[in-house]
Novice: 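Quick one: the structure is below, and I'll ask about it shortly.
A, B, ... follow the sequence lines: proteins, then strands. Residue 1 opens every chain. All values reported here derive from a predicted model rather than from experimental measurement.
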Amino acid sequence: MGECRRLELRLDSVISTVDAAELCAKGLAREGGYGEEQVDRLGMAVREAAANAVTHGNAYSAEKSVHFSVEMNDGRLVVKVRDEGEGFDPGEVADPTSVENLLKASGRGLLMMRALVDEVDVRNASPSGTEVVLVLHGPATEEEGQ
Amino acid sequence: MGECRRLELRLDSVISTVDAAELCAKGLAREGGYGEEQVDRLGMAVREAAANAVTHGNAYSAEKSVHFSVEMNDGRLVVKVRDEGEGFDPGEVADPTSVENLLKASGRGLLMMRALVDEVDVRNASPSGTEVVLVLHGPATEEEGQ
Amino acid sequence: MSLSVDTREVDGVVIVDLGGRITLGDESSGKLRKAVRDLLAQGNKKILLNLGEVSYIDSSGLGELVSSFSTASSQGASVKLLNLQKKVQDLLQITKLYTVFEVSTNEADAILSFS
Amino acid sequence: MSLSVDTREVDGVVIVDLGGRITLGDESSGKLRKAVRDLLAQGNKKILLNLGEVSYIDSSGLGELVSSFSTASSQGASVKLLNLQKKVQDLLQITKLYTVFEVSTNEADAILSFS
Ligand SMILES: Nc1ncnc2c1ncn2[C@@H]1O[C@H](COP(=O)(O)OP(=O)(O)O)[C@@H](O)[C@H]1O
Ligand SMILES: Nc1ncnc2c1ncn2[C@@H]1O[C@H](COP(=O)(O)OP(=O)(O)O)[C@@H](O)[C@H]1O
């Protein structure tokens with residue numbers, strides 16, 4: 001079953017925003033009936049998306065906000081993280097699992113998001129910036145989900 | 001044991017802020033080792049404090065923010081909710097449990113906060129507004145807390 | 001959807017099955033108020049709010065319950081409560097609203113109590 | 001305090017017991033980096049990071065682990081991992097970092113592996 005609240009926040013470009021996004025998404029997923037493993041995976045993916053918005057997109061600018069929402073839509077949990085940055089082309093991002101990149105200290109966020117949740121869409125936002133949409137498919141049925 | 005992150009957010013004066021404050025406080029309390037009953041009680045108290053900041057303090061003003069923080073201090077979980085409103089005198093608030101007030105539709109928030117967490121302090125913030133501090137004493141020892 | 005509201009009738013008593021959260025904003029409290037107002041407008045005098053699936057009520061939601069009670073009373077109708085979860089029961093204690101509401105833990109008993 | 005860092009030595013291997021979260025910001029990742037840098041500066045060549053009590057690592061924390069590894073390698077020292085929780089293990093799979101790190105599930109074996 002699982003009720004789910006819709007949440008929509010405008011957050012500053014600070015580290016606490018990354019924590020808040022993670023905690024809110026996890027809390028709502030838990031209330032929405034998702035099991036602990038799915039909740040954890042969502043939390044990690046949201047963290048990566050929010051960290052990118054704060055660090056790459058908005059570059060910690062005090063003038064720029066992170067727009068964050070969570071909602072249950074047709075039985076799927078949808079999280080959106082939008083920044084007000086320059087945007088980027090995800091197709092240009094190097095594969096962090098290829099040998100020449102394995103020892104790099106960064107570049108694993110998008111890979112992690114894609115591995116952790118069921119759907120990831122990275123798109124240009126209007127008028128500017130990036131919007132990342134993360135989707136978890138419906139919670140397992142009650143027996144499985146418990 | 002329980003690790004605990006410090007979280008500090010500036011939030012808009014909207015309903016989602018009430019949800020976010022509740023979810024963040026509950027999430028950190030859970031991580032900090034508090035049991036589900038204490039987590040729930042904290043969540044309810046934080047909700048009342050945030051609702052007051054949004055509705056009474058800032059009166060939904062788009063120019064005013066709610067300042068929210070959670071941290072573990074000397075083994076106690078401390079939540080602060082500050083608004084940018086006019087302030088008020090909690091001593092002037094009518095007792096919602098007295099017979100003449102029982103059928104009123106509002107006025108129970110402060111009473112609930114005081115009943116739900118270990119310490120509540122309502123004070124004037126500077127330069128203006130109200131700050132509510134909610135404290136949960138240390139989580140029960142591991143055996144009790146599970 | 002924070003709050004689900006379904007009504008059914010048993011022996012002249014309208015049972016309103018509520019599920020979810022009754023909290024500030026997000027139309028949830030409005031939904032309860034509207035449901036009770038509609039039932040009163042249709043002439044129903046015996047209303048039983050089944051809170052068995054309500055996991056959470058905040059002070060604003062409590063206000064909605066109280067308003068429903070008062071509005072009903074003023075029209076000669078009665079509103080009673082059924083199946084409170086522990087958290088909700090605690091809030092009625094804290095706020096002394098248990099002195100206002102008649103609360104049952106059993107649907108059949110609750111229905112009988114209206115006659 | 002997101003991350004706790006304690007070091008001890010067993011048979012010439014420095015074991016760094018980590019606890020909490022290794023994540024972006026809040027000094028947690030800085031703490032790990034500093035601990036490893038200090039150990040290298042003191043001339044330690046065998047460093048075992050015990051992640052048994054680390055509940056969570058994000059991509060930034062993984063970056064810190066990789067940096068510690070690279071810095072150590074460049075100084076002829078080695079960094080290995082001990083006791084990964086399932087979540088952390090999954091991340092090493094996803095990111096293929098299990099091809100970089102030597103991981104043990106047993107402290108005694110890990111210590112032997114350095115000789
Ligand atoms: N929201 C964003 N705005 C601008 N650039 C971004 C954004 N998200 C990711 N990028 C770019 O894509 C690269 C890869 O991102 P990611 O896989 O998350 O790894 P990391 O954040 O560790 O670099 C980043 O280094 C950055 O150049
Ligand atoms: N942050 C605040 N700023 C201004 N006034 C407040 C604030 N918090 C509470 N109040 C005042 O105290 C009264 C009682 O608050 P409370 O007990 O929370 O009940 P309620 O919010 O339902 O009215 C409110 O009606 C309001 O007048």
Novice: Looking at R123(B) and D121(B), is any side-chain nitrogen of the basic one under 4.0 Å from a carboxylate oxygen of the acidic one?
Specialist: yes
Novice: Are a donor atom and an acceptor atom from the side chains of S16(B) and D19(B) found within less than 3.5 Å of each other?
Specialist: no
Novice: Show your working on side chain to side chain donor-acceptor pair (under 3.5 Å) between S98(B) and N101(B) and close with a plain yes or no.
Specialist: CA-CA 6 Å; S98(B) 68; N101(B) 297 325; 3.2 Å; yes
Novice: Say you draw a straight line from CZ of R47(B) to OG1 of T17(B); how long is it, rounded to the nearest 0.5 Å?
Specialist: 11.0 Å
Novice: Output the residues of residues 96-111 of chain C for which the shortest heavy-atom distance to chain B is under 4.5 Å, in residue-number order; output 'none' if no such residue exists.
Specialist: K96(C), L97(C), T99(C), V100(C)
Novice: Counting only heavy atoms closer than 4.5 Å, note whether R108(B) contacts chain C via side chain, backbone, both or neither.
Specialist: both
Novice: Write out, in numerical order, the residues from residues 66-82 of chain C with a heavy atom short of 4.5 Å from a heavy atom in chain B.
Specialist: V66(C), S67(C), F69(C), S70(C)
Novice: When you look at CD of E119(B), are more than 12 heavy atoms from neighbouring residues, nucleotides or ligands closer to it than 6.0 Å?
Specialist: yes
Novice: Is chain C contacted by the side chain of T55(B), its backbone, both, or neither, given a heavy-atom distance below 4.5 Å?
Specialist: side chain
Novice: Between D83(B) and K64(B) (salt bridge meaning N to carboxylate O under 4.0 Å), is one present in this structure?
Specialist: no
Novice: Using a strict cut-off of less than 4.0 Å between a Lys/Arg side-chain nitrogen and an Asp/Glu carboxylate oxygen, indicate whether D118(B) and R76(B) qualify as a salt bridge.
Specialist: no
Novice: Answer yes when E22(B) and R21(C) have at least one side-chain N-carboxylate O distance shorter than 4.0 Å, and no when they do not.
Specialist: yes
Novice: Would you check if the side chain of R41(B) reaches a backbone N or O of A115(B) as a donor-acceptor pair within less than 3.5 Å?
Specialist: yes
Novice: Check this for me: does any side-chain nitrogen of one of E36(B) and R30(B) sit under 4.0 Å from a carboxylate oxygen of the other?
Specialist: yes
Novice: Which one of R10(B), E8(B), E131(B), E84(B) satisfies the side chain to side chain donor-acceptor pair (under 3.5 Å) criterion with H67(B)?
Specialist: E84(B)
Novice: Side chain, backbone, both or neither: which part of L65(C) has a heavy atom under 4.5 Å from chain B?
Specialist: neither
